[in-house]
Amino acid sequence: MKILLVGSGGRESAIAFKIAQNEKVEKIYVAPGNGGTATYKKCENVNLTDIDELLVFAKNNRIDLTVVGPEEPLTNGIVDKFKSEGLKIFGPDKKGAELEGSKSFSKDFMKKYGVSTAEYEVFYDHKKAKEYLENCNYPIVIKADGLAAGKGVVICEEKKTALETIDLFMINDIFKGSGKKVVIEEFLEGIEASILSITDGKRIIPFLSAKDHKQIFDGNKGPNTGGMGVVCPNPYVTEEVLKDFYENIMDKTLIGIQKEEMDFKGIIFFGIMITKNGVKLLEYNVRMGDPETQSVLSLMKTDILDLIEKAIEEKLDDVEVEWEEGYCVNVVLSSKGYPGKAETGYEINIDNEEISNIFIAGAKLEEGKLITTGGRVLSVVGKGKTLNEAKNNAYKIREKVNFFGAYCRSDIGIAK
Ligand code: AMP
Ligand code: GLY
């Protein structure tokens with residue numbers, strides 16, 4: 001089989017690595033890929049991101065299956081376009097992708113189908129939003145409606161910040177349209193968990209839970225990032241939490257997908273908050289998480305390509321996903337300056353023995369050398385029977401890779 005994998009992050013490195021393990025796979029084109037996928041077994045990078053160009057590439061190269069990593073092509077309708085041309089592709093259609101692409105759409109969907117979530121209001125008009133902010137309880141959460149590269153959510157401790165956020169989102173239009181409409185939402189206190197899952201539209205199969213660490217510094221301090229490390233499974237996701245999640249979030253989501261007639265054969269990622277009053281859904285993503293994927297797929301025993309093919313054929317009903325026992329800890333190494341302006345252009349030195357435990361993200365291959373290009377540069381993953389063993393293994397591997405200014409949190413696997 002020839003596969004086209006769309007994306008360029010650490011997530012795509014992990015997906016490419018996993019798909020390559022299937023013997024049917026002859027070639028994986030990664031568009032545009034990164035310095036890691038440039039060297040992986042069976043992989044070749046192709047410098048394309050435009051949907052129409054990807055479509056032409058898929059046709060000309062007789063691609064058997066396209067797998068989409070990030071949300072943007074999905075919300076831009078890549079699945080609808082490929083399917084209308086008779087090409088096989090894994091991911092939700094444009095309507096399904098709105099569950100991630102529009103916060104107001106997803107909140108209205110949750111409300112309509114009784115999915116447990118925070119109270120909220122939607123505003124199109126900055127004056128009305130500000131009026132509402134005069135008399136609400138703080139902290140409060142303001143969310144840009146559209147995609148904002150992970151920067152569209154602000155937790156406002158006080159009225160002043162909330163009013164300033166409305167100015168930035170709705171008047172100054174810092175997200176170029178994405179913040180013209182906002183969701184203002186009740187602040188929830190608790191512990192977050194990521195539950196990735198696969199669906200064929202008839203059944204949702206959850207993967208192992210994961211715990212991301214969003215803040216840059218130890219002890220969950222400092223500004224938010226795309227994610228600095230992951231523990232899988234998430235130690236706070238107990239049987240009781242899972243039961244609540246299945247009944248009040250996952251099953252109701254599936255009913256909604258069916259009733260709304262979404263063509264959803266893809267990944268749904270539930271971002272949940274475990275609160276005193278039960279499990280609440282913070283958001284849907286319609287793709288795998290980054291850096292969650294690097295940990296979750298490391299523990300998946302089942303062949304991912306078989307799963308994807310079964311989802312496309314609507315045959316997930318008799319599938320059981322198998323997992324390795326124990327834990328996987330993923331520690332992200334980032335460039336100096338991240339999540340502000342990252343200092344890049346440095347060579348990465350990796351002990352070759354560890355290459356299969358390292359997933360490259362923000363780096364390119366230049367004259368045989370890996371050179372940093374982004375904020376989050378790579379992930380190291382360690383496994384173990386216990387969380388502590390997995391953590392120690394991850395940090396041991398971290399010692400075998402370096403670049404100028406490399407930073408990582410030292411408490412992944414320890415932090416609450
Ligand atoms: P979202 O994109 O909606 O998941 O929001 C990004 C991050 O903001 C989440 O991972 C949470 O850390 C935080 N967040 C979002 N909504 C809430 C909420 N209602 N209460 C507390 N924190 C939230
Ligand atoms: N790590 C969170 C995300 O991928 O959205």
Side-chain angles (χ1 to χ4, degrees), residues 7 9-12 14-15 69-72 74-75 99-107 109-110 115-121 136-157 162 165 169 175 178-179 182-196 207 209-216 220-232 234 249 267-277 279-297 330 332 334 339 359 361 375-376 379 412 415-416:
R11 164 185 51 211
E12 285 73 27
I15 298 172
E71 61 278 16
E72 211 177 299
L74 295 168
T75 55
L99 287 177
E100 175 165 1
S102 163
K103 298 272 187 210
S104 60
F105 176 85
S106 72
K107 291 295 289 191
F109 174 97
M110 293 175 210
V115 174
S116 175
T117 190
E119 296 296 326
Y120 72 104
E121 298 280 342
C136 67
N137 293 326
Y138 287 86
I140 196 128
V141 185
I142 303 183
K143 301 185 174 186
D145 185 60
L147 294 182
K151 299 194 169 68
V153 176
V154 181
I155 295 167
C156 306
E157 299 290 341
T165 302
F169 283 21
F175 299 125
S178 281
V182 298
V183 170
I184 302 185
E185 184 172 291
E186 169 199 8
F187 173 77
L188 297 175
E189 226 176 316
I191 290 178
E192 278 185 68
S194 306
I195 302 185
L196 281 58
F207 294 168
S209 62
K211 178 169 169 47
D212 193 5
H213 297 74
K214 289 215 162 74
Q215 287 92 351
I216 185 81
N220 300 328
K221 303 247 163 57
N224 266 351
T225 68
M228 293 304 292
V230 167
V231 172
C232 174
N234 184 322
I249 296 175
I267 298 291
I268 307 188
F269 161 169
F270 300 88
I272 62 172
M273 186 76 94
I274 305 162
T275 77
K276 289 204 298 286
N277 304 316
V279 180
K280 311 263 179 178
L281 183 64
L282 292 178
E283 64 164 351
Y284 293 112
N285 294 311
V286 296
R287 37 86 192 170
M288 292 196 211
D290 191 341
E292 284 91 339
T293 305
Q294 293 88 315
S295 285
V296 174
L297 291 190
N330 164 0
V332 171
S334 59
F359 294 113
R376 290 188 298 166
S379 287
I412 307 299
K416 208 172 164 199

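Just so it is clear, the model here is predicted, and its values are computed rather than measured. One-based numbering, in listed order, for ligands and for the atoms of each.
One finds the CD atom of Glu292 at 11.0 Å from the OG atom of Ser209 (value rounded to the nearest 0.5 Å). Here the CD1-CZ distance, from Ile268 to Arg287, works out to 12.5 Å after rounding to the nearest 0.5 Å. Separating the CD1 atom in Ile272 from the CD1 atom in Ile274 is a distance of 5.0 Å, to the nearest 0.5 Å. Atom CG of Leu99 sits about 9.0 Å away from atom CZ of Phe270, to the nearest 0.5 Å. Distance CE/Met288 to CG/Leu196: 7.0 Å, rounded to 0.5 Å. Here CD of Glu119 is found 14.0 Å from CD1 of Ile184. Values are rounded to the nearest 0.5 Å.
The nearest protein atom to atom 15 (C) of ligand 1, hydrogens excluded, is given as Lys143 NZ, 3.5 Å; this is a heavy-atom distance. With respect to atom 17 (C) of ligand 1, the closest heavy atom belonging to the protein is Leu282 CD2, 3.5 Å. Residue, atom and distance of the protein heavy atom nearest to atom 4 (O) of ligand 1 are Glu283 CD, 2.8 Å. For atom 6 (C) of ligand 1, the nearest non-hydrogen atom of the protein is Val153 CG2, 3.9 Å.
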Exercise. Could you check Lys143 against Glu283 for salt bridge (Lys or Arg N to Asp or Glu O under 4.0 Å), going step by step and ending with a plain yes or no?
Key: CA-CA 11 Å; Lys143 301 185 174 186; Glu283 64 164 351; over 6 Å; no
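Looking at Val230 and Ile412, their side chains never come closer than 4.5 Å, going by heavy atoms from C-beta outward. Contact of the Thr293 side chain with the Phe359 side chain is not registered, since no non-hydrogen atoms from C-beta on lie closer than 4.5 Å.
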Show the short N or O contacts, below 3.5 Å, that ligand 2 makes with protein N or O atoms; if there are none, say 'none'.
| from | atom 1 | to | atom 2 | distance (Å) |
| --- | --- | --- | --- | --- |
| ligand 2 | 1 (N) | Asp212 | OD2 | 2.9 |
| ligand 2 | 1 (N) | Gly226 | O | 3.4 |
| ligand 2 | 1 (N) | Asp290 | O | 2.9 |
| ligand 2 | 1 (N) | Glu292 | OE1 | 2.8 |
| ligand 2 | 1 (N) | Glu292 | OE2 | 3.4 |
| ligand 2 | 4 (O) | Arg287 | NH1 | 2.8 |
| ligand 2 | 4 (O) | Asp290 | N | 2.9 |
| ligand 2 | 5 (O) | Arg287 | NH1 | 3.3 |
| ligand 2 | 5 (O) | Arg287 | NH2 | 3.1 |

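Of the candidates Glu189, Glu192, Glu185, Glu185 brings a heavy atom nearest to atom 19 (N) of ligand 1.
Residue Met273 places a heavy atom less than 4.0 Å from ligand 1.
Considering Lys107, Lys280, Glu185 as possible partners of Thr117, the one that fulfils the side chain to side chain donor-acceptor pair (under 3.5 Å) test is Lys107.
If you look at Ile155 next to ligand 1, the close heavy atoms, those under 4.0 Å, all belong to the side chain. With a 4.0 Å cut-off on non-hydrogen atoms, Leu188 touches ligand 1 through its backbone as well as its side chain.
Annotation for ligand 1: atoms under 4.0 Å from non-hydrogen atoms of Phe187 are 20 (N), 21 (C).
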